[in-house]
Amino acid sequence: MDLERLMNDLAKKHPGESEYLQAVREVLESIEETVNENPHFETAGIIDRLIEPDRVVTFKVSWMGDDGKVNVNLGYRVQFNNAIGPYKGGLRFHPSVNLSILKFLGFEQIFKNSLTTLPMGGGKGGSDFDPKGKSDAEIMRFCQGFMMELWRMIGPQTDIPAGDIGVGGREIGFLYGMYKKLAREHTGVLTGKGVNWGGSLIRPEATGFGAVYFAKEMLATQGDTFKGKTVCLSGFGNVAWGAAQKINELGGKVVTLSGPDGYVYDPDGISGEKIDYMLELRASNQDIVKPYSYEFPEAQFHQGKHPWEVKCDVAMPCATQNELNKEDAEHLVKNGCICVAEGANMPSTPEAVEVFIESKILFGPGKAVNAGGVSTSGLEMSQNSMKLNWPATEVDDRLHHIMCSIHEACVTHGTEEDGYINYVKGANIAGFLKVANSMLDQGVV
Ligand code: NDP
Ligand code: 2IT
């Protein structure tokens, strides 16, 4: 495989799509050796076919604000690869959304979904719509306008969207209502649905719970546990919320949260009512974590800073891509951090990842660590197909089991000669092999 040729060609075809090119390079670097050992992949053009999405649709969403003014946003769906199952992946509503970000997320989703052991292909979508400061009625009108375009592309056997940044239970409800009206069917076309109308118990907690289950397995490889560990989290959204709950349950202490405005350091630990307060903070539609320090005065707010300067044993970035850079990584390692587990998608820059791997600390990449969210979406799809609902304990047990098997796959494919587990390599190779072999089986399509 000629990695530089592939990357140069891709960069020429898609100039300026930096996040997409970053995600592709990271995967190709890990699988280069595997591809070179299997020349039939090269002959079948597997890599060239894998790095371009099957199709991308962009559309315009016009919607009326409460003030009577009409607004226009862009909508997208990237259907990346459906070799092992229907396209599956979230929708992101955030002003930063563009094609590069959705293509990076869709590409990552292929390998993540492959790791889950469930039959799901990779896709992603979203809009540059900013839910912050919008009324419920505005959110509803936007979601309805978005679905009026999207509905023809999706279906329970074709493409099953879900939530991501800015898309939670409320948005999924509005999107689902419009889909149901247009398609005249009540099917499992979206996941993250309300439990009264086809949703799965534990789906809201699943990404955070799954991430902590994975980190627990990582620590166990060194005979260690979460008990007594100090943990830094970033973000204060759905993933950070689920992770904070589970870390507390396992005896760890969460000391930070963050938002675009900065981070809060709470030396007493973020537990109990403070975790409930995270939900209030998210629901307030404000763009900030600062109010946490008014509500709980023992916490200190650090304007414009990353939480990675705080001394911790475990760090879990749970906000957004490229939020942890080389300097942050050096701080963490210098301060004795032994484990970094990515709850968000690609939160560490390539330079930061290099620092972690060179320091030989435990480093779990997002596509393995945060796969519990989409895994539980897969479990929601299974329940929808069978037309039944599993109790919370059954979903949680299955989630736990899936996270352990993802960890095992990383160990199998990522253990180096000196015994160090390179989870980046392990996750990419394990995820890739299943998809590549499925593509081979299905011929040139
Ligand atoms: P939420 O919208 O619930 O929370 C996102 C968090 O990240 C918020 O704290 C948000 O603050 C912050 N954030 C968003 N954009 C930026 C930015 N540009 N700079 C700094 N902070 C930012 O989303 P989720 O918790 O669902 O998602 C968090 C991460 O986890 C994302 O990377 C997502 O792709 C990933 N993920 C989510 C899954 C899920 O099931 N929800 C599954 C797997 C991965 P604010 O909104 O105030 O900007
Ligand atoms: O990044 C992700 O895996 C998600 N946002 C969840 C996708 C899903 O289909 O549940």
Side-chain angles (χ1 to χ4, degrees), residues 19 85-97 101-102 104-113 115-116 118 120-126 130-133 159-172 188 190-193 199-200 202-211 233-244 257-264 278-279 281-292 304 306-307 316-324 342-348 366-381:
E19 294 86 357
Y87 303 108
K88 176 85 194 88
L91 296 171
R92 178 177 289 192
F93 293 170
H94 195 273
S96 63
V97 162
I101 289 179
L102 296 181
F104 118 63
L105 289 163
F107 184 71
E108 289 286 285
Q109 201 81 41
I110 304 171
F111 307 96
K112 183 193 305 191
N113 292 4
L115 288 168
T116 65
L118 302 172
M120 300 182 289
K124 200 83 185 190
D130 186 359
K132 296 274 153 48
D159 184 353
I160 305 95
D164 193 78
I165 291 180
V167 179
R170 174 183 56 172
E171 291 75 19
I172 293 291
L190 296 173
T191 57
K193 299 187 291 297
S200 176
I202 305 290
R203 178 62 188 90
E205 295 88 345
T207 311
F209 278 21
L233 293 184
S234 63
F236 63 108
N238 172 263
V239 179
W241 166 76
L257 294 176
S258 76
D261 53 334
Y263 77 89
V264 285
M278 284 171 75
L279 283 182
L281 208 55
R282 288 301 297 159
S284 70
N285 272 353
Q286 294 181 67
D287 199 1
I288 48 176
V289 283
K290 194 174 180 180
Y292 183 100
H306 293 167
M316 297 187 68
C318 297
T320 194
Q321 64 276 352
N322 293 328
E323 54 154 321
L324 193 163
E342 295 187 329
N345 285 307
M346 208 170 74
S348 311
K367 64 170 74 71
V369 176
N370 71 37
V374 74
S375 299
T376 309
S377 280
L379 300 176
E380 182 172 330
M381 288 158 68

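Throughout, residue positions are numbered sequentially from 1 according to the sequence presented. Both backbone and side-chain heavy atoms feed into the values below; hydrogens, waters and symmetry mates do not. Atoms within each ligand, like the ligands themselves, are counted from 1 in listed order.
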Checklist entry - Can a non-hydrogen atom of K124 be found less than 4.0 Å from any atom of ligand 2? => result yes
Item to check | Heavy-atom gap P260 to ligand 1 smaller than 4.0 Å | outcome: yes
Checklist entry - Which atoms of ligand 1 are found less than 4.0 Å from any heavy atom of F236? => result 9 (O), 11 (O), 47 (O)
Checklist entry - Which option out of P95, G242, A319 puts a heavy atom nearest to atom 31 (C) of ligand 1? => result A319
Item to check | Contact check: N370 vs ligand 2, nitrogen or oxygen atoms, below 3.5 angstrom | outcome: no
Checklist entry - How far is atom 6 (C) of ligand 2 from its nearest protein heavy atom, and which residue and atom name does that atom have? => result R203 NH2, 3.6 Å
Checklist entry - Numbering the atoms of ligand 2 from 1, which are under 4.0 Å from a heavy atom of G89? => result 9 (O)
Checklist entry - Where is the tightest heavy-atom contact between G378 and M120, given as atom of each residue plus distance? => result CA-SD, 3.8 Å
Checklist entry - What about G163: any of its N or O atoms under 3.5 Å from an N or O on ligand 2? => result yes
Item to check | Proximal candidate to atom 7 (C) of ligand 2 [heavy atom criterion; set G192, G90, G122] | outcome: G90
Checklist entry - Near D164, which atoms of ligand 1 are under 4.0 Å from a heavy atom of that residue? => result 26 (O), 33 (C), 34 (O), 36 (N), 37 (C)
Next on the checklist: Test of understanding: given a 4.0 Å heavy-atom threshold, classify the contact between A162 and ligand 1 as side chain, backbone, both, or neither.
Outcome noted: neither
Next on the checklist: Could you check whether any heavy atom of M346 sits closer than 4.0 Å to an atom of ligand 1, since that is the contact criterion I want to use?
Outcome noted: no
Item to check | Mode of I165 contact toward ligand 1 - side chain, backbone, both, neither (heavy atoms, under 4.0 Å) | outcome: both
Checklist outcome for this item: Restricting to heavy atoms, the pick from K88, K112, M381, E108 nearest atom 2 (C) of ligand 2 would be K112
Item to check | Test item, Q321 contacting ligand 1 (heavy atom, 4.0 angstrom) | outcome: no
Item to check | Per-atom contacts, ligand 1 versus G237 - under 4.0 Å to a heavy atom | outcome: 1 (P), 3 (O), 4 (O), 9 (O), 25 (O)
Item to check | Shortest reach to atom 43 (C) of ligand 1 by a heavy atom, considering only V289, I101, T207, T376 | outcome: T207
Checklist outcome for this item: min-distance protein heavy atom vs atom 8 (C) of ligand 2 -> A162 CB, 3.4 Å
Checklist entry - Mind checking whether H94 has a heavy atom under 4.0 Å from ligand 1? => result yes
